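A short worksheet on the structure shown next.
Being a predicted model, the structure only gives us computed values, none of them experimental.
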Amino acid sequence: MLAEAGGNGAVATADITDREAVDQALASLVNELGPVDILVNNAGAGGYASFLQTDVEVFERLMRLNYLGTVYATKAVLPSMVERGKGHIVNISSVAGRIGTPFESAYSASKFAVTALTEALDVEVRPLGVGVSMVNPGPVQTDFFDARGVPYARKSPKPVPPEQVANAVMAAVDKDRLEQMVPRMLHGAVVTRHLVPPLFRWGTARAFRNEVRERPSSSSDRR
């Protein structure tokens, strides 16, 4: 498909939680294709369980993968972008990085870290010619939920096709936007969380009342 479009490409694999491996993989791509103009930090994983039922190791693993993996890749390409005075970094965060999601505390915390990194980085490097964006999807029609071990079962919001997220990434770069919500309706939840916190907490508790009843609340934290 790439050849048909008149382009060229290369592939390099790495464990995103291993900084040295990330550096080597990106260096090999730069050597073959030239400096990176656009970096999309998309690697990530989720988890679904109550805080009491979630091992501390899960918090550590998701933070290494979802947050530090983003830091490693960004560190590898940003100096060249700043030196050339151009480039764009897109971090795939999540709506769970904007509103604390019950039963996804480990995942949500790691995505909040990505959101904070993106906002801080934007202020620092935009004057140097480098754009920074984050795309915050809700549920997407991929194997993400199978990989986390718990299928998506909520009626709303409905999962969107991955092409919609890809379009949001391209729009973020083309229009130089700091943030893109996918779907856009999720922006309302974020606004409510910031402007009317009591209403947001009430709505969230109501939406998750069945899960709260079904999940045990007296189990001890596993270390």
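- Within the structure, no pair that satisfies the ring-ring contact (aromatic ring centres under 6.0 Å, His included) test touches residues 111-143, not counting sequence neighbours.
- Residues F59 and T54 meet the side-chain proximity criterion, which asks for heavy atoms closer than 4.5 Å.
- Across G100 and P102, no two heavy atoms sit closer than the pair O-CD, 3.5 Å.
- D18 places a side-chain N or O within donor-acceptor distance of the main-chain N or O of A21, the cut-off being under 3.5 Å.
- Cluster partners of W202 are V191, L195, V196, L199, counting Ile, Leu, Val, Met, Phe, Trp and Tyr whose side-chain heavy atoms approach within less than 4.5 Å, directly or via other members.
- Sorted by first and then second residue, the ring-ring contact (aromatic ring centres under 6.0 Å, His included) pairs involving residues 176-200 (not counting sequence neighbours) form an empty list.
- In the hydrophobic clustering (ILVMFWY side chains linked at under 4.5 Å, chained through shared members), V58 is joined by L62, Y107, F144, F145, Y152.
- What you find for A14 and A25 is that their closest heavy atoms are CB-CB, 3.8 Å.
- Clustering ILVMFWY residues whenever any of their side-chain heavy atoms sit less than 4.5 angstrom apart, transitively, puts F103 in a cluster other than the one holding V95.
- The structure places OG1 of T115 at 5.5 Å from CG of N136, a figure rounded to the nearest 0.5 Å.
- By the side chain to side chain contact (heavy atoms under 4.5 Å, CB included) test, L121 pairs with T74, L78, I89, V125, V132, sequence neighbours left out.
- The minimum heavy-atom distance between A43 and N66, with the atom names listed, is O-OD1, 4.3 Å.
- In terms of heavy atoms, E104 sits closest to G47 at CG-O, 3.6 Å.
- Between the NZ atom in K111 and the CD1 atom in I99 there is a gap of 14.5 Å [rounded to 0.5 Å].
- In this structure, L33 stands alone, with no Ile, Leu, Val, Met, Phe, Trp or Tyr side-chain heavy atom under 4.5 Å from its own, directly or through other members.
- Q180 and A172 get closest at one heavy-atom pair: CG-CB, 3.9 Å.
- Taking S105 as the reference, nothing meets the side chain to side chain donor-acceptor pair (under 3.5 Å) condition, with sequence neighbours excluded.
- Across every non-hydrogen atom of D122 and P127, the tightest pair is O-CD, 4.4 Å.
- Its side chain within the 4.5 Å cluster rule, V173 clusters with I38, V40, V90, I92, V135, V140, V160, V165, V169, V182 among the Ile, Leu, Val, Met, Phe, Trp and Tyr residues.
- When hydrophobic clusters are built by joining Ile, Leu, Val, Met, Phe, Trp and Tyr residues whose side-chain heavy atoms come closer than 4.5 Å, directly or via intermediates, L68 is grouped together with L26.
- Within 6.0 Å of the CZ atom in R184, the count of heavy atoms belonging to other residues, nucleotides or ligands does not exceed 12.
- A salt bridge links E211 with R154; the closest basic N to acidic carboxylate O contact falls under 4.0 Å.
- L117 pairs by the side chain to side chain contact (heavy atoms under 4.5 Å, CB included) definition with Y67, T70, V71, not counting sequence neighbours.
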Return a table of donor-acceptor pairs under 3.5 angstrom between the side chains of residues 79-88 and protein atoms on other chains or two or more places apart.
residue, atom, partner, partner atom, Å
S80, OG, R84, NE, 3.1
S80, OG, R84, NH2, 3.4
R84, NE, S80, O, 3.2
R84, NH1, D37, OD1, 2.9
R84, NH2, V36, O, 2.7
H88, NE2, S133, OG, 2.7

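- Remark: D15 pairs with T17 by the side chain to side chain donor-acceptor pair (under 3.5 Å) rule, at least two apart or across chains.
- Expressed to the nearest 0.5 Å, how far CZ of R19 lies from CD of Q24 amounts to 12.5 Å.
- Applying the salt bridge (Lys or Arg N to Asp or Glu O under 4.0 Å) test to pairs two or more places apart or on separate chains, those with a residue in residues 166-181 are R98-E179, R126-D176.
- Taking OG from S93 and CD from E119, the interatomic distance works out to 9.5 Å, rounded to the nearest 0.5 Å.
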